[in-house]
Amino acid sequence: MIPFLDLKAINAQYRDELVSACTRVIDSGWYIGGAELAQFEHSFAEYCGTEFAIGVANGLDALILTLRAWIELDKLQEGDEVIVPSNTYIASILAITANNLKPVLVEPDLNSFNIDPNKIEEAITDKTKVILPVHLYGQLADMPAIMDIAKRHNLLVLEDSAQAHGASMDNKKSGNWGDASGFSFYPGKNLGAVGDAGAITTNDSELADTLRALRNYGSHEKYKNIYQGVNSRLDEIQAAMLSVKLSHLDTEIMHRRKVANSYLEGINNPAIILPTHEDEDSSHVWHVFVIRCEQRDALQAYLADNGVQTLIHYPIPPHKQQAYKEWNDLSYPISELIHKHVLSLPIGPTLLLEDVKKVIQLCNEFKL
Ligand SMILES: *Cc1c(COP(=O)(O)O)cnc(C)c1O
């Protein structure tokens, strides 16, 4: 079986480094909010090119807490509208509704899968306060266009960078375009911990301070609570694991690009539509390699029969989820088409190029 993503093999590459980092933490006697977190926050901010990185428990919390911090800082209030793509992973939307803000779904561009800047402006009302673009599948959204709209309408921008660590455009990385950005270090993400973890990056010191309090019971100083905060901390073990993984991230991205370019050059079945990316190679870190095929379910079954594991990102669009019953009758045709036709081929930093060749050959031999 060619696995979709071999997490065990990925972490096995760094086993000695990970084990020694883990031992260091165990032996230190300090497990929350110490030197490992400070070190990782410093290196991750530096990697993204931002002034600050604030570690939290997961990617969803990174998004929830950033919106919450803007509410605490009076930049947002309950009922304000947040523009978000209609074809994102559910977490981007949950972060909005968790704060009693109103998601306004905007359709993506069919080719890039990312929010269509031309449709953002039509969706702006007096209540719009934030644009929340998602760098879906590892490709930066059209940030120059989005930042221009945000500036003209005086909107905040919160990037969802959970799938796009290291993607860059005009030498500016994901996480350093908007007013703030949420990252996930879920094990399967391009920068993955050995458990749950997340972070926010920003250049805004007031926001960074507020987030540091919110993640820790609303407190900067022990037993002195200025907000009704939460417990959402990135612990020392995960921070230590992430420092190891971060040092290898660029090498892993290079391999992902190699795999993606092989697919792009090798797959020539007219029934399969390949993903597009910007001219600038750096804009895509290929978290997943997503093709479109009208006979998606047949293609997936055929690949499985031939020993290739694939996944669907995602089978149900947010507006068709039971959790958002009130939207079930709305129509977002581009998102619906995407969810019906997409299939994610195996890709990852340890995927063998000979396995990539096999997948390409199978794709090219696929007939109905
Ligand atoms: C994974 C992901 C998240 C949430 O991250 P968790 O760490 O799982 O909470 C948010 N947004 C997107 C687009 C994601 O892919």
Side-chain angles (χ1 to χ4, degrees), residues 1-15 87 89 110-113 135-139 162-167 186-192 194 245 248-279 281-315 337-368:
M1 188 73 167
I2 300 176
F4 174 75
L5 180 72
D6 191 344
L7 278 183
K8 188 170 157 179
I10 291 170
N11 287 327
Q13 301 176 98
Y14 319 121
R15 192 177 184 282
N87 63 320
Y89 179 59
L110 180 59
N111 293 308
S112 72
F113 302 112
H135 308 310
L136 200 67
Y137 306 152
Q139 173 162 233
Q163 304 189 358
H165 323 72
Y186 178 78
K189 299 289 157 91
N190 283 19
L191 177 57
V194 188
K245 297 289 291 284
H248 300 286
L249 179 59
D250 282 340
T251 311
E252 295 202 345
I253 291 173
M254 273 181 350
H255 188 79
R256 285 176 181 275
R257 290 206 175 109
K258 213 179 263 178
V259 172
N261 285 323
S262 303
Y263 283 144
L264 290 171
E265 283 161 21
I267 298 175
N268 54 26
N269 186 334
I272 293 174
I273 303 172
L274 293 167
T276 58
H277 67 94
E278 294 289 318
D279 298 340
D281 220 23
S282 60
S283 67
H284 209 321
V285 291
W286 302 103
H287 172 55
V288 281
F289 189 92
V290 178
I291 59 168
R292 282 189 287 137
C293 176
E294 273 187 46
Q295 303 84 25
R296 189 264 315 273
D297 294 340
L299 176 60
Q300 184 173 40
Y302 155 87
L303 288 171
D305 287 346
N306 287 281
V308 177
Q309 186 193 15
T310 58
L311 295 180
I312 296 170
H313 297 94
Y314 300 90
L337 187 80
I338 288 172
H339 288 77
K340 213 160 89 191
H341 289 170
V342 288
L343 187 68
S344 306
L345 301 182
I347 193 164
T350 60
L351 184 61
L352 301 173
L353 292 176
E354 62 193 68
D355 285 344
V356 175
K357 258 192 204 153
K358 271 183 230 158
V359 177
I360 292 172
Q361 194 185 346
L362 285 166
C363 283
N364 288 341
E365 286 167 1
F366 171 67
K367 278 193 289 301
L368 270 188

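As the structure is a computational prediction, the values presented were derived from the model and not from experiment.
To the nearest 0.5 Å, atoms CG (N268) and CD1 (I360) are separated by 9.5 Å. To the nearest 0.5 Å, atoms NE2 (H248) and CD1 (I10) are separated by 12.5 Å. Here D6 contributes atom CG and N11 contributes atom CG; the two are 10.0 Å apart, rounded to the nearest 0.5 Å. For the atom pair CD1 of I267 and CD1 of I273, the computed distance is 12.5 Å after rounding to the nearest 0.5 Å. Note that CG of L299 is 8.0 Å distant from CG of N269, once rounded to the nearest 0.5 Å. In this structure, I347 CD1 and H255 NE2 are separated by 8.5 Å, a value rounded to the nearest 0.5 Å.
Residues S283 and A167 share a closest heavy-atom pair of O-CB, 3.7 Å. The two residues C293 and A271 make their nearest non-hydrogen contact at SG-O, 3.5 Å. A pairwise comparison of heavy atoms in G348 and V259 identifies O-CG2, 4.3 Å as the closest pair. A pairwise comparison of heavy atoms in L353 and S262 identifies CD2-OG, 4.4 Å as the closest pair. In terms of heavy-atom proximity, L264 sits nearest to P275 at CD2-O, 3.5 Å. Looking at every heavy atom in both residues, E252 comes nearest to N190 through OE1-O, 3.9 Å.
Each salt bridge (charged side-chain N to carboxylate O under 4.0 Å, His left out) pair with one or both residues in residues 255-274, not counting sequence neighbours, would appear here, but there are none. Applying the ring-ring contact (aromatic ring centres under 6.0 Å, His included) definition to pairs two or more places apart or across chains, those involving residues 286-308 are Y263-F289, H277-W286, H284-W286, W286-F289, Y302-F366. Screening residues 355-367 for salt bridge (charged side-chain N to carboxylate O under 4.0 Å, His left out) gives D355-K358 as the qualifying pairs, with residues at least two apart or on separate chains.
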CA sep, side-chain torsions, deciding dist, call: L345, L303, side chain to side chain contact (heavy atoms under 4.5 Å, CB included) | CA-CA 9 Å; L345 301 182; L303 288 171; 4.0 Å; yes
Begin from the C-alpha positions of Y14 and K245 and carry the test side chain to side chain contact (heavy atoms under 4.5 Å, CB included) through to its verdict.
-> CA-CA 8 Å; Y14 319 121; K245 297 289 291 284; 3.9 Å; yes
Would L136 and V290 count as a side chain to side chain contact (heavy atoms under 4.5 Å, CB included) if you check the C-alpha gap in whole Å, the side-chain angles of each, and the deciding distance to 0.1 Å?
-> CA-CA 10 Å; L136 200 67; V290 178; over 6 Å; no
Where do E294 and H341 land on the side chain to side chain contact (heavy atoms under 4.5 Å, CB included) test, with the steps shown first?
-> CA-CA 6 Å; E294 273 187 46; H341 289 170; 3.6 Å; yes
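The environment of OH in Y186 is sparse: at most 12 heavy-atom neighbours from other residues, nucleotides or ligands sit within 6.0 Å.
At distances below 3.5 Å, not a single donor-acceptor pair connects side-chain atoms of R292 with backbone N or O atoms of I338. Side-chain N or O atoms of T310 include none that pairs as donor or acceptor with a backbone N or O of L343 at under 3.5 Å.
Taking the six-membered ring for Trp and thresholds of 30 and 60 degrees, Y314 and Y89 have ring planes inclined between 30 and 60 degrees apart. The aromatic rings of F4 and H313 lie tilted to each other, with the angle between the two planes from 30° to 60°.
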